[in-house]
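Side chains included, hydrogens not; waters and symmetry mates left out as well; all remaining heavy atoms used.
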Amino acid sequence: MRVYFDYNATTPLAPEVTEAVVRATRETFGNASSVHHFGQQAKATMDDARSAVAALVNGDPSEVVFTSGGTEADNFAIRGAADALEPTGRRHLIASAIEHEAVLNTFRSLARRGWRTTLLPVDYTGIVAPGRLREAITAETALVSVMHANNEIGTIQPVAELAAIAHEHGALMHTDAVQSAGKIPVDLRALGVDLLSLSAHKFNGPKGSGALWIKRGTRMVATMTGGKHERNRRGGTENVPGHAGLGVAARLAQKKLSAEGLRIAALRDRLERGIVERVPGTQVNGAPTPRVPNTTNISFDGVEAESLLIALDLEGFAVSTGSACSSGTLEPSHVLRAMGLPTHRTQNSIRFSLGAGNTEAQVDSLIAKLPSVVEKLRALVRR
């Protein structure tokens, strides 16, 4: 038996989503920009999905732009806003030091073009203090980008407070909600943001589909140029099956948000408590609250994270050392480094992220297996 504890990397398709994708692939093959019946059928499918995504985050369907996923949505938010505001003289960008690489590498790219960038520090909690933004923001700041929930440790940022500060100084506020949308209630009106990114495959939707919500009136320059698709905001023939799946996933997530969140949080707490109590030399990384309900990040003294990941995989448990987008690198987690953790803890930490398929029995099975696996690895190091 294999058990999946890596839902922050990706999630399996919900059966209803699979059906929607297959149905759209078979039956809704028209180009959504065509005026004939087949095109209008595809457009209706897109409109329905757009409404579902808007409802998930309390937005208006006309403000939703479909993308190929979270990375493109982040790129569009940052580059599109930067290009629109560059002529105004605002050439400063701010993000947190624990953003996803889709944000950090976009900042680095714009820095090479002459933009000034600032990364806000976090402390051991993994949360950005609003005071840090007040210290960093200037009249030249064009955009502030701080993720809603962190993908490695799960901490939820005070986005509403940060957005208020950004707006006081005339800057736009973007939040990467890829790890929060579909897991916790996300109300972009309450958050006060101008731009919000999400991705289907993080809440049982298909890969290759995501969205950027753009507040009406926000000045943006399209980064994907081509035809007049998505109201001139994103060129390219639309991925109708993928976005149909996103729409169904959004509706499913919205229906089960409260009950499923409580269930998953109880499983996460059970797992976290069991590991800390039964495996000596373990410690939870980041603030316990506020956090998304499905994520815990734990350091294991005397064990290399990659060795533990491989050993657990051999036992049938899939976990991760952090962002799947950073897999293959030998660098320690930039998130844990930014939190000021000692070097050994940035290299011996494992992320457990739970989801719809997990059960108490699976959690208990992992808790039962971990002590012997960890002790075996520590014994090898002591030799």
Side-chain angles (χ1 to χ4, degrees), residues 63 65-122 128 132-148 150-151 157 159 162-163 165-178 193-199 210-215 217-236 323 325-326 328-329 331 334-335 337-338:
E63 298 169 312
V65 178
F66 285 125
T67 68
S68 63
T71 292
E72 185 192 335
D74 284 345
N75 268 261
F76 184 14
I78 297 165
R79 295 178 189 273
D83 287 347
L85 293 173
E86 190 168 23
T88 69
R90 288 180 175 266
R91 291 178 57 80
H92 179 222
L93 302 168
I94 299 176
S96 82
I98 61 170
E99 296 299 305
H100 189 275
E101 287 186 334
V103 170
L104 295 178
N105 284 334
T106 302
F107 267 47
R108 293 184 184 109
S109 177
L110 287 169
R112 290 192 290 271
R113 273 180 41 190
W115 281 76
R116 188 165 65 87
T117 62
T118 300
L119 297 183
L120 301 176
V122 297
V128 176
R132 292 290 194 177
L133 177 57
R134 287 196 181 278
E135 293 169 2
I137 198 165
T138 74
E140 294 181 355
T141 304
L143 175 82
V144 177
S145 180
V146 177
M147 65 195 341
H148 193 202
N150 185 263
N151 52 306
Q157 301 297 338
V159 173
L162 299 173
I165 295 168
H167 292 155
E168 285 174 18
H169 294 78
L172 296 176
M173 182 72 197
H174 165 246
T175 192
D176 176 339
V178 165
V193 296
D194 304 288
L195 301 153
L196 181 144
S197 307
L198 59 82
S199 181
L212 176 66
W213 175 82
I214 305 173
K215 184 178 180 180
T218 302
R219 296 169 58 189
M220 299 286 286
V221 172
T223 54
M224 184 76 78
T225 53
K228 299 184 183 299
H229 311 85
E230 296 295 294
R231 292 193 170 102
N232 290 313
R233 294 175 295 188
R234 199 265 189 188
S323 172
C325 301
S326 300
T329 177
E331 290 293 316
H334 75 279
V335 173
R337 283 206 317 266

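- Between R132 and V122, the closest side-chain pair of non-hydrogen atoms is not below 4.5 Å.
- Here the CD1 atom belonging to I98 is positioned 8.5 Å from the CG atom belonging to N151, to the nearest 0.5 angstrom.
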*asked:* side chain to side chain contact (heavy atoms under 4.5 Å, CB included), that's the test. Do E230 and M224 meet it? Break it down for me.
replied: CA-CA 11 Å; E230 296 295 294; M224 184 76 78; over 6 Å; no
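- Between the side chain of R90 and the backbone N or O of L85, no donor-acceptor pair lies under 3.5 Å.
- For the pair T175 (side chain) and H148 (backbone), a donor-acceptor distance under 3.5 Å is present.
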_Working note: H334 + L104, criterion side chain to side chain contact (heavy atoms under 4.5 Å, CB included); need CA distance, chi angles, decisive distance, verdict._
CA-CA 11 Å; H334 75 279; L104 295 178; 3.6 Å; yes
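- Of the candidates D74, D176, T67, D74 is the only one forming a side-chain hydrogen bond (donor to acceptor under 3.5 Å, both in side chains) with S197.
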*After noting the C-alpha distance and the side-chain angles of E101 and T71, does the key distance pass the side chain to side chain contact (heavy atoms under 4.5 Å, CB included) rule?*
CA-CA 9 Å; E101 287 186 334; T71 292; over 6 Å; no
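- Between the NZ atom of K215 and the CE atom of M220 there is a distance of 14.0 Å, given to the nearest 0.5 Å.
- Remark: side-chain polar atoms of H169 are not paired, donor with acceptor, to backbone N or O of A171 under 3.5 angstrom.
- Counting heavy atoms from C-beta outward, R79 and S109 have side chains that approach closer than 4.5 Å.
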*Trace of the side chain to side chain contact (heavy atoms under 4.5 Å, CB included) decision for H100 with V178*: CA-CA 10 Å; H100 189 275; V178 165; over 6 Å; no
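- Between V193 and W213, some side-chain heavy-atom pair lies under the 4.5 Å cut-off.
- The distance from the CG atom of N150 to the CD atom of E99 is 8.0 Å, given to the nearest 0.5 Å.
- Between the side chain of R234 and the main chain of A222, no donor-acceptor pair closer than 3.5 Å is present.
- Between the H174 side chain and the L195 main chain, no donor and acceptor come within less than 3.5 Å of each other.
- Applying the ring pair (Phe, Tyr, Trp, His ring centres under 6.0 Å) criterion to F76, with sequence neighbours excluded, gives no partner residue.
- Between I94 and L133, the closest side-chain pair of non-hydrogen atoms falls below 4.5 Å.
- Residue I78 forms a side-chain contact (heavy atoms from CB on, under 4.5 Å) with just one option from T223, D83, V103, and that option is V103.
- Within the 4.5 Å cutoff, the side chain of T88 has heavy atoms near those of the R219 side chain.
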